[in-house]
Amino acid sequence: MSNDFYISSILPYSGIIIKICRAYTDSQEDFEDYYQEVCLQIWRSRDKFRGDAKWSTWIYRLSLNICLTLIKKKKKNRQHYNSNYKVQNEALEDDSRTFSDESLNLLYEAIKQLSEIDRAIILLYLEEKPNKEIAEIIGTTPNNIGVRVNRIKERLKKLLDGKIN
């Protein structure tokens, strides 16, 4: 991947890529793997960008799809491990978290309890994307996004109140 392409076409959108990758991973190692895979796939797919949507919308959609694909692969691979190894592996993942801000960690833990699609919606909402753009990325209507955002915020509030209190 050329440094120029990364600086001009990926780096300006690294904030949302990081948020999406973080919301779908449980460890720093997985996060780094997901981020690297997203950047690689953006570079590999750059010629497939048709311009039907904004570049940022395409980046968000691609990032989300890559993370969801990686999750499915990870779940499938976990089914092949025996239960002892699985318990040990999950304990190691929990110990390797290196995110420092505790309130941010609580928010991400709450977000991880949402469905995959609700995670995507709330991350785009937190990125201050308009409902119309979120709807384009997710593949629904802006009104549906508005309703879902309100429900997601209520669910997150309940989850966070339960963890904090």
Side-chain angles (χ1 to χ4, degrees), residues 1-81 89-90 92-93 96-101 104-105 107-149 151-153 156:
M1 174 180 336
S2 75
N3 197 33
D4 291 341
F5 179 79
Y6 181 79
I7 290 171
S8 65
S9 301
I10 296 176
L11 195 58
Y13 308 98
S14 62
I16 191 63
I17 297 169
I18 288 168
K19 288 175 186 168
I20 290 172
C21 292
R22 185 167 179 199
Y24 290 98
T25 58
D26 292 324
S27 70
Q28 182 67 26
E29 183 180 300
D30 284 347
F31 165 77
E32 290 169 3
D33 289 346
Y34 279 43
Y35 184 83
Q36 183 177 15
E37 186 65 23
V38 167
C39 291
L40 179 62
Q41 292 303 326
I42 290 169
W43 180 74
R44 284 183 178 164
S45 303
R46 69 191 182 281
D47 294 334
K48 295 178 184 174
F49 176 67
R50 296 183 311 244
D52 296 343
K54 292 192 289 186
W55 178 255
S56 61
T57 301
W58 187 76
I59 292 279
Y60 301 149
R61 187 177 294 154
L62 191 61
S63 300
L64 179 61
N65 288 338
I66 291 165
C67 287
L68 294 175
T69 300
L70 291 171
I71 285 172
K72 288 176 187 172
K73 283 182 183 178
K74 189 174 182 179
K75 285 179 182 176
K76 187 175 181 181
N77 287 339
R78 277 195 177 163
Q79 291 173 358
H80 297 300
Y81 298 132
N89 191 33
E90 289 173 352
L92 287 174
E93 285 180 1
S96 66
R97 292 182 190 182
T98 59
F99 304 116
S100 60
D101 185 342
L104 194 56
N105 281 336
L107 176 61
Y108 273 100
E109 285 304 313
I111 289 172
K112 287 176 187 176
Q113 294 183 40
L114 301 172
S115 70
E116 293 172 353
I117 196 73
D118 285 350
R119 281 187 235 173
I121 291 169
I122 199 65
L123 290 173
L124 291 166
Y125 174 80
L126 291 172
E127 192 68 19
E128 298 181 356
K129 296 297 171 192
N131 287 356
K132 183 178 180 187
E133 189 172 345
I134 297 171
E136 280 180 36
I137 294 168
I138 301 301
T140 188
T141 65
N143 286 343
N144 181 273
I145 294 299
V147 170
R148 289 185 81 157
V149 164
R151 290 179 183 162
I152 293 166
K153 288 180 354 185
L156 287 174

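Keep in mind that this is a model prediction, so the values were computed, not measured. Quick note: numbers below take in every heavy atom, side chains included, and nothing from hydrogens, waters or symmetry partners.
- Heavy-atom minimum distance, Pro12 versus Tyr6: CD-O, 4.4 Å.
- Here the side chains of Tyr24 and Lys112 are not in contact, with every heavy-atom distance at 4.5 Å or above.
- A search for side chain to side chain contact (heavy atoms under 4.5 Å, CB included) contacts involving Asn131 returns Ile134, Pro142, Ile145, not counting sequence neighbours.
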Working for side-chain hydrogen bond (donor to acceptor under 3.5 Å, both in side chains), residues Lys153 and Tyr125: CA-CA 10 Å; Lys153 288 180 354 185; Tyr125 174 80; 3.1 Å; yes
Which pairs would a plain distance check flag for residues 61-68, meaning a side-chain donor or acceptor within less than 3.5 Å of a matching protein atom at least two apart in sequence or in another chain?
residue	atom	partner	partner atom	Å
Arg61	NE	Ile137	O	3.3
Arg61	NH2	Glu136	O	2.2
Ser63	OG	Ile59	O	2.8
Asn65	ND2	Arg61	O	3.3

One pair to check against side chain to side chain contact (heavy atoms under 4.5 Å, CB included): Trp55 and Tyr13. What are the steps and the verdict? CA-CA 10 Å; Trp55 178 255; Tyr13 308 98; 3.2 Å; yes
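- Checked by atom type, the side-chain pair Gln41/Glu37 shows a donor-acceptor distance below 3.5 Å.
- Ser45 has its side chain within reach of Trp58: a pair of non-hydrogen atoms, C-beta onward, lies under 4.5 Å apart.
- For the residue pair Gln28/Glu32, the side-chain donor-acceptor check at 3.5 Å is satisfied.
- The CD1 atom of Ile10 sits 9.5 Å away from the CZ atom of Arg46 when rounded to the nearest 0.5 Å.
- Residues passing the salt bridge (Lys or Arg N to Asp or Glu O under 4.0 Å) test with Arg44, sequence neighbours excluded: none.
- For the pair Asp30/Lys74, a side-chain contact is recorded, criterion being any heavy-atom separation below 4.5 Å from C-beta on.
- Looking at Phe31 and Ile18, their side chains come closer than 4.5 Å, going by heavy atoms from C-beta outward.
- Judged as a side chain to side chain contact (heavy atoms under 4.5 Å, CB included), and not counting sequence neighbours, Lys72 has no contacts.
- Annotation: salt bridge (Lys or Arg N to Asp or Glu O under 4.0 Å) contacts involving residues 121-132, sequence neighbours excluded, comprise Lys19-Glu127.
- Scanning for side chain to side chain contact (heavy atoms under 4.5 Å, CB included) contacts around Ser115 gives Ile117, Asp118, with sequence neighbours left out.
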Test side chain to side chain contact (heavy atoms under 4.5 Å, CB included) applied to Thr25 and Asp33, step by step: CA-CA 10 Å; Thr25 58; Asp33 289 346; over 6 Å; no
Audit row: Phe5, Ile42, side chain to side chain contact (heavy atoms under 4.5 Å, CB included) steps and yes/no: CA-CA 10 Å; Phe5 179 79; Ile42 290 169; 4.2 Å; yes
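- Contact check for Thr141 versus Asn144: side-chain heavy atoms found under the 4.5 Å cut-off.
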Give the intermediate values and the outcome of side chain to side chain contact (heavy atoms under 4.5 Å, CB included) for residues Glu133 and Tyr60. CA-CA 10 Å; Glu133 189 172 345; Tyr60 301 149; 3.8 Å; yes
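- Between Ile121 and Ile138, the shortest heavy-atom contact is CG1-CG1, 4.0 Å.
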